Amino acid sequence: MEYEEAAALLKAKGQEQLLQYYDELNESERKQLLSDISKVNFSIVESSKPHETKIRGHICPVEAVSTDVIAERKDEFFETGIKTLKEGKVAAALLAGGQGSRLGFNRPKGMYNMGLTKELTIFELQFRNILNIAELAAPFHIFIMTSRQNHDETVEYFKSVNFFGYPEEKIHFYIQDVSPACDYDHKVFLDTKCHVALSPNGNGGWYTSLIRNGLGSVIHDNGIEWINVYAVDNVLQKICDPVFIGATVMKGVKCGAKVVRKARADEKVGVLCLENDRPAIIEYYEMPENLKVLTDENGELVYRWGVILNYLFDVEILDDTIRARLPYHAAEKAIAHMENGERVKPAQPCGYKFETLVVDMVKRMGSCLAYEVDREKEFAPVKNATGVDSVETARELLLKNGIEL
Ligand code: UTP
């Protein structure tokens, strides 16, 4: 993009502040800034509103296949799952592009050491699980989504540990797309004099970014029909779990979602429900208070199925819906930015970042199996350094599950 083109675009969008230091920059810095400006999707900034204002459709509870039923039918689910894996129809996608700001660890979150007496990173814990399944069935393709900020360090780390002995040609790293951050007047921030404040565009961008990075051929040339998407920060989760795969395939649905019984009404997890008769996830901040606390005749929460970011998606529907843009959610954040010629790092929120969410993909799938898992065995999120969903609570659960730390 040339200067004149950028200037005209920014004038039309009311975002001229992005060129305010242009005259002070050298040639390569100017190129950098113009390249960043060419990447900004201004419509995100103009059209997205903070999440509080979002209106949802008619909400009803959903039935889940319970752990009891799963235990009864375990063998047949397992057999189907293993067969599907052996046929090479399943891949995994690790979402590792987040900024992990709550944890306050300034390296890729997967490199966080959960060990107490030895080094045991989150990536290693997850790959132990993957290696077990690969041994039972066959090695499957794994897509690892990173961000511009953590990509090189993530790839270097995997090389340094020799990909945990997993076939390297089956692991595909890619960088996720970005979205701009802005102030409360929707003016896009500059991160430095020559960089626009661009951050990862949320975990909902995983499939579009994967395709944009040219990895669609891996999926289509290898006949992959299902992708198991999972978060980097659940250290107990099962990846490409054959029982889960089998249950989803046998049910004939387009999506499977692992869910846990909510621990309490105000637990901060999204809930799988029916919205206007379609399976959908309502985030905790969108759920009306009266529905959050509603209980049935057994005293159980009516809206009790909390999602843990472990989904199985049908590739055909992902491809069919790829052009329909997911909504962007505006989140108030503390954003480092340029102010009067200096870079400031506010401690308090000062504007918005915009993210698409993987939870919004579920509604597109049309059908979804809610698959209950025991939270003590499969849900140990590492979101914070201490307190709820922290390193401490996750370590406790790892120890309870017999994992040596
Ligand atoms: P979170 O919603 O917990 O976000 O991510 P985060 O950025 O990791 O952490 P905080 O909010 O800054 O503390 C849930 C999962 O989605 C991935 C994360 O890496 C994690 O696996 N994610 C999130 C992405 O891959 N990209 C994103 O842009 C956001």
Side-chain angles (χ1 to χ4, degrees), residues 41 44 48 51 92-112 121-123 125-127 142-151 153-155 157 172-181 197-210 212-213 227-237 239 257-258 267-270 281 283-286 306-311 313 326-336 347 349 352-362 379-391 393-394:
N41 179 347
I44 298 172
S48 308
H51 51 62
L94 164 59
L95 308 182
Q99 295 181 303
S101 46
R102 282 169 288 172
L103 183 61
F105 177 60
N106 60 8
R107 309 186 73 179
K109 211 185 216 186
M111 287 173 66
Y112 193 89
T121 64
I122 296 181
F123 282 139
L125 278 162
Q126 294 188 338
F127 264 77
I142 305 174
F143 301 100
I144 301 184
M145 183 170 80
T146 60
S147 66
R148 295 211 292 189
Q149 288 84 351
N150 71 18
H151 182 80
E153 213 177 346
T154 304
V155 175
Y157 173 75
H172 314 274
F173 295 94
Y174 67 100
I175 300 178
Q176 75 173 93
D177 297 335
V178 287
S179 65
L198 297 170
S199 50
N201 67 345
N203 56 29
W206 72 273
Y207 196 66
T208 2
S209 297
L210 184 153
R212 218 193 303 285
N213 278 277
I227 304 184
N228 181 203
V229 176
Y230 65 102
V232 73
D233 46 24
N234 177 4
V235 292
L236 261 188
Q237 75 186 308
I239 297 142
K258 286 201 168 184
E267 189 180 13
K268 289 185 175 173
V269 289
I281 293 160
E283 279 290 8
Y284 63 89
Y285 49 75
E286 293 170 337
V307 288
I308 61 168
L309 216 174
N310 192 314
Y311 304 103
F313 287 119
L326 284 172
Y328 272 88
H329 297 251
E332 277 192 56
K333 299 260 173 153
I335 302 156
Y352 302 121
K353 282 189 178 177
F354 300 91
E355 297 194 331
T356 56
L357 303 177
V358 67
V359 293
D360 288 327
M361 294 179 102
V362 169
F379 189 42
V382 179
K383 298 286 182 193
N384 307 299
T386 55
V388 180
D389 295 343
S390 66
V391 176
T393 53

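Predicted, not measured: the structure shown is a model, and the values here were computed from it. Note that ligands are numbered from 1 as they come in the structure, with each ligand's atoms numbered from 1 the same way.
Each of the following atoms of ligand 1 lies closer than 4.0 Å to a heavy atom of Asp233: 3 (O), 20 (C). Under a 4.0 Å criterion applied to the non-hydrogen atoms of Ala231, ligand 1 contributes the atoms 21 (O). If you number the atoms of ligand 1 from 1 as listed, the ones under 4.0 Å from a heavy atom of Lys383 come out as 1 (P), 3 (O), 14 (C). Close approach to Pro200 involves these atoms of ligand 1, each under 4.0 Å from a residue heavy atom: 28 (O). Each of the atoms 19 (O), 21 (O) of ligand 1 lies under 4.0 Å from some heavy atom of Val232.
Atoms OG1 and CD, from Thr146 and Gln176 in turn, are 7.5 Å apart once rounded to the nearest 0.5 Å.
The two residues Leu326 and Gly204 make their nearest non-hydrogen contact at CD1-O, 3.3 Å.
Regarding atom 12 (O) of ligand 1, its nearest protein heavy-atom neighbour is Ser101 OG, 2.5 Å. Among all non-hydrogen protein atoms, the one lying nearest atom 16 (O) of ligand 1 is Asn203 ND2, 3.1 Å. Among all non-hydrogen protein atoms, the one lying nearest atom 6 (P) of ligand 1 is Gly100 N, 3.6 Å. Gln176 OE1, 2.7 Å is the protein heavy atom nearest to atom 26 (N) of ligand 1. Closest to atom 24 (C) of ligand 1 among all protein heavy atoms lies Gly98 N, 3.2 Å. Scanning all protein heavy atoms for the shortest distance to atom 21 (O) of ligand 1 gives Leu95 O, 2.6 Å. Nearest protein heavy-atom neighbour of atom 25 (O) of ligand 1: Gly97 N, 2.8 Å.
Put simply, the side chain of Tyr328 never gets that close to the backbone of Asn201: no donor and acceptor are under 3.5 Å apart. With Ser209 contributing its side chain and Asp177 its backbone, the two residues share a donor-acceptor pair below 3.5 Å. The backbone N or O of Ala380 sits less than 3.5 Å from a side-chain atom of Asn234, completing a donor-acceptor pair.
Of the candidates Arg102, Gln99, Lys109, Met145, Arg102 brings a heavy atom nearest to atom 2 (O) of ligand 1. Between Val358, Leu309, Val229, it is Leu309 that holds the heavy atom closest to atom 15 (C) of ligand 1.
The backbone of Ala96, and not its side chain, has at least one atom closer than 4.0 Å to an atom of ligand 1 (non-hydrogen atoms only; backbone = N, CA, C, O).
Residues Gln99 and Lys353 bring a donor and an acceptor atom of their side chains to less than 3.5 Å of each other.
In this view, Tyr311 and Phe313 satisfy the ring pair (Phe, Tyr, Trp, His ring centres under 6.0 Å) rule, not counting sequence neighbours. Listed by chain and residue number, nothing satisfies the side chain to side chain donor-acceptor pair (under 3.5 Å) test with Glu283 (two or more places apart in sequence, or in another chain).
The only member of Val358, Val362, Ile281 that meets side chain to side chain contact (heavy atoms under 4.5 Å, CB included) when paired with Val307 is Ile281.
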Stepwise side chain to side chain donor-acceptor pair (under 3.5 Å) check, Asn213 with His172 = CA-CA 10 Å; Asn213 278 277; His172 314 274; over 6 Å; no
